[in-house]
Student: 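There's a structure below that I have some questions on.
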Amino acid sequence: MHEEISIESNGKVITAYYTITGDTLDVTLPDGSTRTTQLRGLDPESAAEVHLKAYALKNT
């Protein structure tokens, strides 16, 4: 199941997509790169948002 998360950074809306397989979160960032996190009880949307915010800091 693919989910979507968006944030606003410097007036731009940035969107990433994520999937959850078992306890693993895979986030696909706007440039096509991916990040993986073992959730271990973390909220998937919050964990995906952290990756997206880090991307936005470097790229906007």
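Nothing fancy with the numbering, it's 1 onward along the sequence. Just so we're clear, the structure is a prediction, and the values are computed from it rather than from any experiment.
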Student: Looking at CD of E45 and CG of L52, how far apart are the two atoms once the value is rounded to the nearest 0.5 Å?
Tutor: 11.0 Å
Student: Closest approach of D23 and G41, non-hydrogen atoms and distance?
Tutor: OD1-N, 4.3 Å
Student: Does one side chain, of Q38 or T24, offer a donor that lies under 3.5 Å from an acceptor on the other?
Tutor: yes
Student: First locate atom NE2 of H51, then atom CG of L29, and finally report the distance between them rounded to the nearest 0.5 Å.
Tutor: 8.0 Å
Student: Could you list the residues that satisfy side-chain hydrogen bond (donor to acceptor under 3.5 Å, both in side chains) with T21, not counting sequence neighbours?
Tutor: none
Student: Do T60 and S9 get their side chains close enough for a donor-acceptor pair, meaning under 3.5 Å?
Tutor: yes
Student: Taking all non-hydrogen atoms of both residues, which atom of P44 and which atom of L25 are closest, and how far apart?
Tutor: O-CD2, 3.9 Å
Student: Output all residues satisfying salt bridge (charged side-chain N to carboxylate O under 4.0 Å, His left out) with K12, sequence neighbours left out; order by chain, then residue number.
Tutor: none
Student: Would you kindly confirm whether Y18 and L42 end up in one hydrophobic cluster when ILVMFWY residues are joined by side chain heavy atoms under 4.5 Å apart?
Tutor: yes
Student: Before you tell me yes or no, could you show the steps for Y55 and D31 under side chain to side chain contact (heavy atoms under 4.5 Å, CB included), namely the whole-Å CA-CA distance, both residues' side-chain angles and the distance that decides it to 0.1 Å?
Tutor: CA-CA 9 Å; Y55 171 86; D31 65 358; 3.7 Å; yes
Student: Would I20 and L39 count as a side chain to side chain contact (heavy atoms under 4.5 Å, CB included) here? Give the steps.
Tutor: CA-CA 9 Å; I20 304 162; L39 290 170; 4.0 Å; yes
Student: Quick one: pull up NE2 in H2 and OH in Y17 and give me the separation to the nearest 0.5 Å.
Tutor: 10.5 Å
Student: Between T15 and P30, what is the shortest heavy-atom contact and its length?
Tutor: O-CG, 3.3 Å
Student: Using the side-chain hydrogen bond (donor to acceptor under 3.5 Å, both in side chains) criterion, which residues pair with D26? Sequence neighbours excluded.
Tutor: T36
